[in-house]
Trainee: 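Quick one: the structure is below, and I'll ask about it shortly.
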Protein chains: 2
Amino acid sequence: MMEANARGLLVIPALQKARKDPDSMKAKILSAARKIFGQYGFHGTTTRMIASEVGIDISTLHYHWGDKADLYEAVVLDIHDDLRNKLIEVESIIHGRPLAERMKIAIDEMTDFLFDHPEISNLILFRYFGKTRHKSALDIHVPEYVSDIARSMDLCTDKRNVPVSARMKVLAIMNAIHNFISGEDFFRPMLGFERDEYIASVKEILKFLLVPAFVTEKLGVRSQKDERSTISQPPRLR
Amino acid sequence: MMEANARGLLVIPALQKARKDPDSMKAKILSAARKIFGQYGFHGTTTRMIASEVGIDISTLHYHWGDKADLYEAVVLDIHDDLRNKLIEVESIIHGRPLAERMKIAIDEMTDFLFDHPEISNLILFRYFGKTRHKSALDIHVPEYVSDIARSMDLCTDKRNVPVSARMKVLAIMNAIHNFISGEDFFRPMLGFERDEYIASVKEILKFLLVPAFVTEKLGVRSQKDERSTISQPPRLR
DNA sequence: ATTTGCCTCCATCATTTGATGGATTCCTAT
DNA sequence: ATAGGAATCCATCAAATGATGGAGGCAAAT
């Protein structure tokens, strides 16, 4: 069910077809699967839920996507593709601008994008924080695009060797965004916000929280007590 | 299965007993349930997995805790109790100190505590980001202790009326910590860290990221473009 | 020794769930 | 018109899963 293309990236043939024709049954099922898996996670989702969301029989689902785990892997691959494309787009927008501006634009762009596709945040967090009972052959190369972001944020002098501290910073930033997207159903009622107010507040809080750390670091404005602002070199880098 | 005590807090009789005698079968089951539910989530966990972890029959589990959803609610209540107690302890430690110091101590304390009890972070994130297919009568009062933290961090002038922006900041901070705890299995191999190195790095990154925002805000060091550092008043507060 | 109450396990159920075979329908090329 | 293939659904299965009844065991009280 899974192959590797010329660039060594994982490829699922059925996924290619679904992306080529968004009206195809494959694409409809994939879209429904993204939604339901994103809401309930792998074990919380039944193939019947997905089939019923599309309005088809489960056997049709299996016909197009194989078994449940295959479909789930296709979904994960699919959302990572979307995310990677968006990151590339954002990178091209912010390229060359000063750091604070770069961060603010990136936060606005990524927040809007993810609020439009909340299942991306949901599924990524599910993968980070939960275990599944089946072993997945899937190994999305998170480290790689985390390093890419670190480079584009100018967090590292040596472009080929992104320090661990920089990658951790990127993880923290990405997670902070995902949290507010994924947690909307929980946080928004708790805060008494309407949706658009919530989105605006998320952007503001993220900027409030994330920008100062990097900007003051760059300016060297930190207080004397904070001299250890970067982490000592990691024992090994892979 | 659930009652309310004199202070209006939810109470499960069986949970009281389990806490009173940590060697009891009730306590053993609760502990195993925390672990397994924390790893696999509600739907990813089977009662047989928990029973087998304890080394007992599933009927014994049901005898002590009722059905699966009851046990899950007891677990959620239990970890929230632990978390609340720790927060109270931390509050008493940092009381009266300057802001930056308060934050650093709180981050160190909470990080150590949660790395010792990762299922707390796991379960809290599961509740924030995932849906279950059963309706829960459980309504842990997250807003309340979020407001408590905001007060103890001195994020609000009016102690009775914690602004929404302050509560969002607290959410962002708490989530940032939980993320690195829950995501250890995913992030640590990716970064090539040993466990103790990872923990140390998490603390450093959290301080790097979180402290400057609040300290520079307090000092009024922010650049002119950032005058809107607080969010407009919420439409309604509950 | 017997009773009593608590605890545990074995055997068993009913339902849910992932999965498939095979019949049927629909479309297209000939 | 029809042969062939693709797509869909119905019926059904086997395994997993949540749940329970009842027998047995054990310790303390009588």
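Lettering follows sequence order; numbering is per chain, from 1.
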Trainee: For B:Tyr72 together with B:Phe37, are the ring centres under 6.0 Å from each other?
Mentor: yes
Trainee: Is any side-chain N or O of B:Thr60 closer than 4.0 Å to OP1 or OP2 of C:dC9?
Mentor: yes
Trainee: How long is the line joining CD1 of B:Ile29 and C1' of D:dG18, in whole Å?
Mentor: 15 Å
Trainee: Rounded off to whole Å, could you give me the NZ-to-C1' distance for the B:Lys26 and C:dT8 pair?
Mentor: 13 Å
Trainee: Taking only the side-chain nitrogens and oxygens of B:His64, find out if one of them lies under 4.0 Å from OP1 or OP2 of C:dT8.
Mentor: yes
Trainee: Would you indicate which nucleotide in D:dT8, C:dC6, C:dG18 comes nearest to any side-chain atom of B:Tyr63?
Mentor: C:dC6
Trainee: Rounded off to whole Å, could you give me the CG-to-P distance for the A:Leu61 and C:dA19 pair?
Mentor: 10 Å
Trainee: Between B:Arg84 and B:Asp148, does any NZ, NE, NH1 or NH2 come within less than 4.0 Å of an OD or OE carboxylate oxygen?
Mentor: no
Trainee: Looking at side-chain heavy atoms only, is the closest gap between A:Arg167 and A:Ser147 below 4.5 Å?
Mentor: yes
Trainee: Could you check whether B:His117 and B:Phe113 have their ring centres less than 6.0 Å apart?
Mentor: yes
Trainee: So how far is it from A:His62 NE2 to A:Lys68 NZ, rounded to the nearest 0.5 Å?
Mentor: 9.5 Å
Trainee: Restricting to nitrogen or oxygen on both sides, can you table the protein-nucleotides 19-21 of chain D pairs closer than 3.5 Å?
Mentor:
residue	atom	partner	partner atom	Å
D:dA19	OP2	B:His62	NE2	3.4
D:dA19	OP2	B:Lys68	N	2.9

Trainee: Would you classify A:Thr45 as touching base, sugar-phosphate or nothing, given that sugar-phosphate means primed atoms plus P, OP1 and OP2, and contacts are heavy atoms under 4.0 Å?
Mentor: sugar-phosphate
Trainee: Is B:Glu184 salt-bridged to B:Arg195, going by a charged N under 4.0 Å from an acidic O?
Mentor: yes
Trainee: Would you tabulate the pairs of protein nitrogen or oxygen atoms and nucleotide nitrogen or oxygen atoms of nucleotides 24-29 of chain C closer than 3.5 angstrom?
Mentor:
none

Trainee: Grab the CE-C1' distance between B:Met49 and D:dG18 for me, whole Å please.
Mentor: 14 Å
Trainee: Strictly under 6.0 Å, is that where the ring centroids of B:Phe42 and A:His43 end up?
Mentor: no
Trainee: Grab the CZ-C1' distance between B:Phe42 and D:dG18 for me, whole Å please.
Mentor: 10 Å
Trainee: Rounded to whole angstrom units, what separation is found between the CG atom of A:Asp23 and the C1' atom of D:dA7?
Mentor: 16 Å
Trainee: Whole-Å distance between D:dA16 C1' and A:His134 NE2?
Mentor: 16 Å
Trainee: Can you tell whether the side chains of A:Lys28 and A:Asp23 come within less than 4.0 Å, N to carboxylate O?
Mentor: no
Trainee: Distance check needed: D:dG18 P versus B:Asp70 CG, whole Å only.
Mentor: 14 Å
Trainee: Using 4.0 Å as the upper bound for N to carboxylate O, is an ion pair formed by A:Arg34 and A:Glu119?
Mentor: yes
